[in-house]
Amino acid sequence: LRMPARARAWAQQREAFVHTARHGLRFELVPGEYIDQHIYVEGIFERRFLDGLHAYFTRHRGDVMLDVGCNIGNHSCCLAACFRAVHAFDPNPIVTARMQANVARNRLGNVTIRTVGLGDAASTLHLSVNRAGNLGASFLSEKPGAHTQAVPIVVGDDIVRESVQGKVDLLKVDVEGHELAVFTGLRQTIARHRPIIAFEFHAAERP
């Protein structure tokens with residue numbers, strides 16, 4: 001009965017507010033946003049998935065986590081205590097600004113955030129920001145549109161080689177159809193470090 005009650009309470013929210021979620025994590029939540037709703041109602045977004053990773057890396061402490069498509073920091077904040085360092089990437093400045101605030105709010109000094117996308121070549125792509133209540137559904141395309149913004153793309157292997165120290169033990173990818181480019185750009189990192197890879201797959205090709 002708790003979740004329906006929390007869902008009703010969420011529906012009554014009208015302004016952004018700070019909420020204490022699972023593991024004592026604090027997030028600023030915005031009414032109408034999909035991920036924020038799950039954090040409020042279920043304690044964390046993708047709770048079962050993260051509970052499994054949290055349990056594993058609590059027993060086998062990881063060195064480095066790469067969070068590609070980090071959004072507002074749900075996954076990075078939840079797993080930060082299990083790793084020496086977390087490196088998070090997202091080309092959407094709206095979500096990385098929110099994540100930066102959440103990381104500061106939780107005093108997570110081992111989390112580094114970069115407002116860039118990862119890909120198979122250094123380039124500029126065009127970000128279509130979802131403004132219908134799910135910032136996580138924003139996506140990249142090669143061609144500009146009426147409501148897109150140009151964003152920088154870097155090769156994952158390059159940034160790991162230049163800026164990441166230690167062994168990559170977890171690679172989490174959630175990039176709305178951009179998965180192949182991300183993995184291609186990280187092929188050397190994957191071959192060298194053999195991390196656990198967790199990703200959301202989008203079979204439908206984006207425009």
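What you are looking at is a predicted structure, and each value in this text was computed from that prediction instead of being measured.
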Measuring only between side-chain heavy atoms, which start at C-beta, is Leu79 closer than 4.5 Å to Leu53? yes
Look up atom CG in Asn74 and atom CZ in Arg47, then write down how far apart they are to the nearest 0.5 Å. 12.0 Å
Salt bridge (charged side-chain N to carboxylate O under 4.0 Å, His left out) assessment of Arg22 paired with Asp51: CA-CA 10 Å; Arg22 198 164 175 78; Asp51 279 354; 3.1 Å; yes
Under 6.0 Å from the CZ atom of Arg192, do we count more than 12 heavy atoms belonging to anything else shown? no
Would a hydrophobic clustering, with Ile, Leu, Val, Met, Phe, Trp and Tyr connected at side-chain separations under 4.5 Å, put Val175 with Ile197? yes
Find the distance between CG (Asp67) and SG (Cys78) and round it off to the nearest 0.5 Å. 11.0 Å
Would you kindly confirm whether Val160 and Val155 end up in one hydrophobic cluster when ILVMFWY residues are joined by side chain heavy atoms under 4.5 Å apart? no
pair Ile196-Leu171: side-chain heavy atoms closer than 4.5 Å: no
Could you go through the side chain to side chain contact (heavy atoms under 4.5 Å, CB included) check for Arg26 and Asn102 one step at a time? CA-CA 7 Å; Arg26 291 170 61 78; Asn102 287 327; over 6 Å; no
Would you say that Asp158 contacts Val154 through its side chain, given a criterion of any heavy-atom pair below 4.5 Å between the two side chains? no
Between Leu140 and Ile153, is the side chain to side chain contact (heavy atoms under 4.5 Å, CB included) condition met? List the steps. CA-CA 10 Å; Leu140 295 167; Ile153 305 298; 4.0 Å; yes
What is the minimum heavy-atom distance between Glu28 and Arg98, and which atoms define it? O-NH2, 2.7 Å
Taking atom OH of Tyr40 and atom OG1 of Thr20, what is their separation to the nearest 0.5 Å? 11.5 Å
Listed partners of Tyr34 passing ring pair (Phe, Tyr, Trp, His ring centres under 6.0 Å), at least two apart: His38, Phe45
Do Val111 and Asn106 have side chains that approach each other closer than 4.5 Å (heavy atoms only, starting at C-beta)? no
Cluster check Val30, Val41: I/L/V/M/F/W/Y, side chain < 4.5 angstrom: no
Can any side-chain N or O of Arg61 pair as donor or acceptor with the backbone N or O of Thr58 at less than 3.5 Å? no
Of all the heavy-atom pairs spanning Asp157 and Arg187, show the shortest one and how long it is. OD2-N, 3.5 Å
Should Arg48 and Glu42 count as side-chain neighbours, where that means a heavy-atom distance under 4.5 Å? no
For residues 143-151, please give each side-chain donor-acceptor pair under 3.5 Å, one per line with the distance, not counting sequence neighbours.
from   : atom 1 : to     : atom 2 : distance (Å)
Thr148 : OG1    : Gly145 : N      : 2.8
Thr148 : OG1    : Gly145 : O      : 3.2

Under the salt bridge (charged side-chain N to carboxylate O under 4.0 Å, His left out) test, which residues partner Arg84, sequence neighbours left out? Asp63
ring-ring contact (aromatic ring centres under 6.0 Å, His included) between Phe27 and His19, intermediate numbers included: CA-CA 5 Å; Phe27 294 91; His19 171 68; 8.5 Å; no
Is the side chain of Asn71 donor-acceptor paired with the backbone N or O of Gly73 at a distance under 3.5 Å, no angle test? no
Should we say atom CZ of Arg194 is surrounded by more than 12 heavy atoms from elsewhere, each under 6.0 Å from it? no
ring-ring contact (aromatic ring centres under 6.0 Å, His included) contacts in which one or both residues fall within residues 52-72, not counting sequence neighbours: His23-His54, Tyr56-His60, Phe57-Phe83
In the structure I gave you, are the side-chain heavy atoms of Cys77 and Leu108 within less than 4.5 Å of one another anywhere? yes
Could you grab the distance from atom OG of Ser76 to atom NZ of Lys172, nearest 0.5 Å is fine? 6.5 Å
Just how far is it from atom CD of Gln13 to atom CZ of Phe17, taken to the nearest 0.5 Å? 4.0 Å
Do Leu25 and Val86 belong to the same hydrophobic cluster, where Ile, Leu, Val, Met, Phe, Trp and Tyr are linked whenever their side-chain heavy atoms lie under 4.5 Å apart, directly or via other members? yes
Between Asn110 (side chain only) and Ala80 (backbone N and O only), is there a donor and an acceptor less than 3.5 Å apart? yes
Return a table of donor-acceptor pairs under 3.5 angstrom between the side chains of residues 113-120 and protein atoms on other chains or two or more places apart.
from   : atom 1 : to    : atom 2 : distance (Å)
Arg114 : NH1    : His87 : ND1    : 3.2
Thr115 : OG1    : Thr96 : OG1    : 2.9

Can you measure from CG (Leu29) to CD (Gln37) and round to the nearest 0.5 angstrom? 10.5 Å
Sidechain-backbone polar pair: Gln12 side chain, Trp10 backbone, donor-acceptor under 3.5 Å: no
May I ask you to test the Pro195-Val168 pair for a side-chain heavy-atom distance under 4.5 Å? yes
Report yes or no: does Ser138 contribute a side-chain atom to a donor-acceptor pair with the main-chain N or O of Leu135 at less than 3.5 Å? yes
Single-linkage hydrophobic cluster, 4.5 Å side-chain cutoff, Val95 and Ile39 together: yes
Is there a side-chain contact between His75 and Leu50 (heavy atoms, below 4.5 Å)? yes
Report the relative orientation of the aromatic rings in Phe183 and Phe199; use parallel for angles under 30°, tilted for 30 to 60°, perpendicular for over 60°. perpendicular
Listed pairs under 3.5 Å, donor-acceptor, residues 124-134 side chains, sequence neighbours left out:
from   : atom 1 : to     : atom 2 : distance (Å)
Asn130 : OD1    : Ala132 : N      : 2.9
Asn130 : OD1    : Asn134 : N      : 3.3
Asn134 : OD1    : Gly136 : N      : 3.1

